[in-house]
Amino acid sequence: IIINQNEMKSLLKLFFPDQCSACDELLSEGEAFVCTSCRHTLPVTHLHTTTLNPIQKLLYGRTTIHLEAALFYFDKKTRVQQLIHNLKYRRQEQLSPFMGNWLGSQLAEAPAFSAIDCVIPVPLHKSRLRERGYNQVAGFGKAIAHCLNKPYLDAILYRTKATRTQVFLNRVFRGTEVLDSFAVTETTSLQGKHILLVDDLITTGGTIEGCALALQQIPDIKLSVAVMAIAQ
């Protein structure tokens, strides 16, 4: 019996049907990654269209953020937490560009974000990258860069040391653990540029601050931030 590729996909779906990555319900025909119900109920922030500036307030006195965007608000034991968990720990790498396209399509309609010159991801340490096999932020950043028609640069910022998994640290230590964990490969090509730094989740702001400290070695940069989710 010879089974073609389409028949094989149908057979696999019969025995292993696709589930919503946010609620685990079976996906209907035409749905991808997240079911229609979750698409309409997930807590989308629209921060880039409001006067709310939670990321700027979080980092006030620590670093200057010019523009900010977050796809979702984050709370523990919610569907957003499940999405992030599936992306980072259950090898559902496809969720990264899915969320990047979702947010990127919104930012493409925001005039302020046309001033962005490039998109840079928060990097993983090489040991964590080997362990996980991918940077969970890469697809997110590439999709946003594509939507904004800007270059995606993942060779400028790098992580100098492997920090412990943030979820197991208390809030104070979580914010200071990563401050001296980043560096840049060079400081000339992006002089005077407006950088959009992308990450998965912002809680204390420690990771963003650590990246900002490294990027500020580049003269006259502007820094903006886009994340998959921001903790409330």
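All values below were derived from every heavy atom in this structure, side-chain atoms included, with hydrogens, water molecules and symmetry-related copies excluded. Everything numeric here is computed off the predicted structure, so don't read it as measured data.
Without hydrogens or angle criteria, Lys150 side chain to Ser114 main chain gives a donor-acceptor distance under 3.5 Å. Using a distance-only test at 3.5 Å, with no hydrogens or angles considered, no donor-acceptor pair links the side chain of Glu209 to the main chain of Leu59. Judged by distance alone, with hydrogens and angles left aside, the side-chain atoms of Ser224 form no donor-acceptor pair with the main-chain N or O of His194 at under 3.5 Å. Remark: the backbone N or O of Arg132 is paired with a side-chain donor or acceptor of Arg91 at under 3.5 angstrom. Checking side-chain atoms of Asp117 against main-chain N and O of Ile195 turns up no donor-acceptor pair under 3.5 Å. With hydrogens and angles disregarded, no donor-acceptor distance shorter than 3.5 Å links the side chain of Arg90 to the backbone of His85. A distance-only check finds no donor-acceptor pair linking the side chain of Arg159 to the backbone of Ser181 [under 3.5 Å].
Counting non-hydrogen atoms of other residues, nucleotides and ligands closer than 6.0 Å to NZ of Lys222 gives a total of 12 or fewer. More than 12 heavy atoms of other residues, nucleotides or ligands lie within 6.0 Å of CD in Gln94, so this atom counts as buried by the packing criterion. Counting heavy atoms of neighbouring residues, nucleotides and ligands inside a 6.0 Å radius, atom CD of Glu109 does not exceed 12 of them.
The CE atom of Met99 sits 10.5 Å away from atom CZ of Phe33, with the distance rounded to the nearest 0.5 Å. Of the inter-residue distances, the one linking Thr160 atom OG1 with His125 atom NE2 reads 7.0 Å to the nearest 0.5 angstrom. The line from CG of Asp18 to CD of Glu29 is 10.0 Å long, rounded to the nearest 0.5 Å. Once rounded to the nearest 0.5 Å, the distance linking CG of Leu129 with CG of Asn135 reads 6.5 Å. Going from atom CZ of Arg39 over to atom OG1 of Thr41 covers 11.5 Å, rounded to the nearest 0.5 Å. Here the straight-line distance linking atom SG of Cys211 with atom CD1 of Ile120 works out to 9.5 Å at 0.5 Å rounding.
Considering every non-hydrogen atom in both Ile144 and Gly100, the closest pair reads CG1-O, 3.5 Å. Residues Ala143 and Pro97 come closest through the heavy atom pair CB-O, 3.8 Å. Considering every non-hydrogen atom in both Phe98 and Ala32, the closest pair reads CE1-O, 4.0 Å. The two residues Cys35 and Leu27 make their nearest non-hydrogen contact at N-CD2, 3.6 Å. In this structure, Ser21 and Gln92 approach most closely via the heavy-atom pair OG-OE1, 2.6 Å. Nearest heavy atoms, Leu190 versus Cys118: CD2-SG, 4.0 Å.
Gln82 places a side-chain heavy atom less than 4.5 Å from the side chain of Asp24. At a threshold of 4.5 Å between non-hydrogen side-chain atoms, the residues Ile202 and Thr207 do not count as touching. Gln106 is listed as a side-chain neighbour of Trp102, based on a closest heavy-atom distance under 4.5 Å. With contacts defined as side-chain heavy-atom distances shorter than 4.5 Å, the pair Gln136/Leu124 qualifies. Considering only heavy atoms from C-beta on, Met228 comes within 4.5 Å of Ser96 through its side chain. Side-chain contact check for Leu83 versus Phe72: some heavy-atom pair is nearer than 4.5 Å. Between Leu107 and Ile116 there is no side-chain heavy-atom pair separated by less than 4.5 Å.
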Cys147 vs Leu103, test: side-chain contact (heavy atoms from CB on, under 4.5 Å). Steps then yes/no. CA-CA 9 Å; Cys147 290; Leu103 182 58; over 6 Å; no

With side-chain contact (heavy atoms from CB on, under 4.5 Å) as the criterion, how do Ile65 and Leu223 come out once you've worked through the C-alpha distance, each side chain's angles and the decisive distance to 0.1 Å? CA-CA 6 Å; Ile65 302 299; Leu223 185 64; 4.1 Å; yes

Evaluate Ile230 against Phe74 for side-chain contact (heavy atoms from CB on, under 4.5 Å), listing each step before the verdict. CA-CA 5 Å; Ile230 178 170; Phe74 176 92; over 6 Å; no

Test log, rule side-chain contact (heavy atoms from CB on, under 4.5 Å), inputs Gln191 and Thr187: CA-CA 7 Å; Gln191 182 173 348; Thr187 60; over 6 Å; no

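Side chains of Ser37 and Glu25: a donor-acceptor N/O pair is absent below 3.5 angstrom, by distance only.
Using bins of under 30°, 30° to 60° and over 60° for the plane-to-plane angle, the ring pair His48/His46 lands in the tilted bin.
Both Leu47 and Val225 belong to a common hydrophobic cluster when Ile, Leu, Val, Met, Phe, Trp and Tyr are linked at side-chain heavy-atom distances under 4.5 angstrom. When hydrophobic clusters are built by joining Ile, Leu, Val, Met, Phe, Trp and Tyr residues whose side-chain heavy atoms come closer than 4.5 Å, directly or via intermediates, Val34 is not grouped with Leu26. In this structure, Leu58 is not a member of the same hydrophobic cluster as Leu196, with clusters built from ILVMFWY side-chain heavy atoms closer than 4.5 Å. The same ILVMFWY cluster, assembled from side-chain heavy atoms under 4.5 Å apart, contains both Phe182 and Ile218. Ile208 and Val198 fall into different hydrophobic clusters, where Ile, Leu, Val, Met, Phe, Trp and Tyr side chains are chained together by heavy-atom contacts under 4.5 Å.
Checked against side-chain hydrogen bond (donor to acceptor under 3.5 Å, both in side chains), Thr45 has no partners two or more places apart in sequence or in another chain. In this view, Thr78 and Asp75, Val80, Gln81 satisfy the side-chain contact (heavy atoms from CB on, under 4.5 Å) rule, not counting sequence neighbours.
The ring pair (Phe, Tyr, Trp, His ring centres under 6.0 Å) pairs that include a residue from residues 126-159 number zero, where partners must be two or more places apart or lie in different chains.
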